[in-house]
Amino acid sequence: MPEQKWGTNTGFVLAAVGSAVGMGNIWRFPYITGENGGGAFLIPYFTVTILFGLIFMSLEFAVGRYYNKSIIGSLASLGSHFRWAGAFTVIVITVIAGYYFVILGWVGSFFVSTVSHDTMTFDGLTSSYYPILSFGVVLGLVAAIAAGGVSCSIERLNKYGVLALIAILVPLAIYAVSLPDSDKGIAYYLTPDYTKISDPAIWSTAFGQVFFSLSLGMGVMVAYGSYIKNKISLAKASSVIIMTNASVSVIAGFMIFSFVFSYGADPASGTNLAFVVLPQAFSEMAFGSVVGSAFFALLFIAGLTSAVSLLEVPIGALSEQFGISRRKAVLASSGIVLLVGIVASLGYSPVSLSIGDTPTLDWLDQYIGSYGVVIAAGMFAVIVMWRMDKGTLLEQLGMHGKIAMPERILYVCKYVLPVVIMLSLVFSFVS
Ligand code: PFF
């Protein structure tokens with residue numbers, strides 16, 4: 001089996017940026033900020049990003065680069081019984097991939113309908129079986145990219161994808177803030193409500209948002225770290241990735257709320273924001289079909305580069321654990337994602353498949369996505385920090401950088417991080 005490696009360091013950094021920057025930045029971050037204290041939310045957001053995001057990302061890269069294995073193999077190297085923790089993570093990420101691909105399919109459908117000047121509504125879309133078709137197309141596309149290999153296909157997709165993303169986002173955001181009444185949107189987005197800062201639930205929300213947005217705790221960055229071939233400072237690479245990710249999120253917030261308020265619409269959250277309120281705003285806007293197409297293209301490209309990284313985890317794990325070829329692992333992983341995606345997709349279809357009153361997609365997001373990610377991230381931090389040799393870890397973290405990592409940083413991971421992860425879990429349960 002040919003070993004998968006990145007061709008260049010830039011390719012590696014761009015792929016990690018591509019994984020991090022996704023629908024979580026462009027669609028989720030803005031409404032989470034608007035709902036949770038506006039500008040004041042940026043305080044927990046940036047604190048968590050810098051304090052935990054940076055270290056956790058460097059840690060995942062370090063583990064991947066050192067063991068040169070998937071999350072299962074890496075954790076098993078620290079104790080064979082930790083294999084199950086890796087397997088748990090792979091199961092969680094495969095479920096997330098299932099519904100992430102479904103939502104990406106919706107985005108693709110809105111892109112096609114906007115380009116073709118068709119006024120499709122979300123209800124219209126989900127009262128048909130098109131979402132299953134669009135999910136299948138997205139899955140096929142991601143699987144084809146994955147089958148092309150890491151350096152040929154994934155690296156190239158991200159090189160162009162990340163550039164295209166910035167080339168679309170920046171002009172779109174400038175256009176949005178120049179619209180009449182965009183100031184009301186920006187006020188909604190950023191007016192700080194400092195009373196919220198003392199609410200632990202806000203910190204838990206910030207924690208969840210940062211980890212999801214940076215693709216942390218899921219073994220993605222372990223996989224991407226294991227493909228590093230050249231010398232590179234992990235701390236420097238992680239800093240570039242987290243800053244790019246945060247910048248895209250903040251700019252996306254300006255764009256989204258300027259669009260929403262310029263057209264007198266109410267800011268909504270979740271599916272309503274991206275698939276009801278915004279399409280409505282685009283349909284009333286001058287050049288709306290151009291702006292709408294650009295918006296959905298942006299969301300699709302961002303989501304596609306993240307989707308590829310999601311599928312990479314089961315692919316890497318299956319080929320490693322069962323010694324099968326990459327192509328077979330792509331097929332097997334896609335098969336499992338197909339089953340999960342169909343179940344998720346049926347939640348928003350004429351049969352409205354649900355668990356209790358909750359559509360299957362939302363249920364999977366709530367229980368497997370949100371809680372699963374926190375549990376997986378917690379297990380990773382605890383196992384790595386308590387089992388991996390401290391010297392090796394510090395060496396990996398400081399390697400090829402000008403500044404040696406201070407040992408104190410490891411205490412943050414060893415003692416503070418697991419406690420924060422536990423608290424985050426408790427608060428999200430309570431709320
Ligand atoms: N970071 C991606 C986003 O913000 O949309 C989503 C994601 C990708 C989450 C990969 C987790 C992951 F492992």
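As the structure is a computational prediction, the values presented were derived from the model and not from experiment. One-based numbering, in listed order, for ligands and for the atoms of each. Along the sequence shown, residues carry numbers from 1.
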>> Taking the six-membered ring for Trp, are Phe207 and Phe211 closer than 6.0 Å centroid to centroid?
In response: yes

>> Geometry only, no angles: is Ser306 polar-contacting ligand 1 at N/O separations under 3.5 Å?
In response: no

>> Regarding ligand 1, does Met23 bring an N or O atom to under 3.5 Å of one of the ligand's N or O atoms?
In response: yes

>> At under 4.0 Å between heavy atoms, is it the side chain or the backbone of Ile93 that contacts ligand 1, or both, or neither?
In response: side chain

> Below 3.5 angstrom, do we get any N/O pair linking Ser309 and ligand 1?
Replying inline: no

> Only one of Glu312, Glu320, Gln321 forms a side chain to side chain donor-acceptor pair (under 3.5 Å) with Ser70, so which one is it?
Replying inline: Glu320

> Purely on distance, is any nitrogen or oxygen of Phe212 under 3.5 Å from one on ligand 1?
Replying inline: yes

>> Rounded to the nearest 0.5 Å, what separates atom CZ in Phe275 from atom CG in Leu299?
In response: 6.5 Å

>> Would Val21 count as a polar contact of ligand 1, with the cut-off being nitrogen or oxygen pairs under 3.5 Å?
In response: no

> Between Phe300 and Phe111, is the gap from one ring center to the other below 6.0 Å?
Replying inline: no

>> Could you identify the single nearest non-hydrogen protein atom to atom 5 (O) of ligand 1 and state the distance to 0.1 Å?
In response: Tyr100 OH, 2.7 Å

> Which option out of Ala20, Gly219, Gly217 puts a heavy atom nearest to atom 4 (O) of ligand 1?
Replying inline: Ala20

> Quick one: which of Ile103, Leu278, Ile256 gives a side chain to side chain contact (heavy atoms under 4.5 Å, CB included) with Trp27?
Replying inline: Ile103

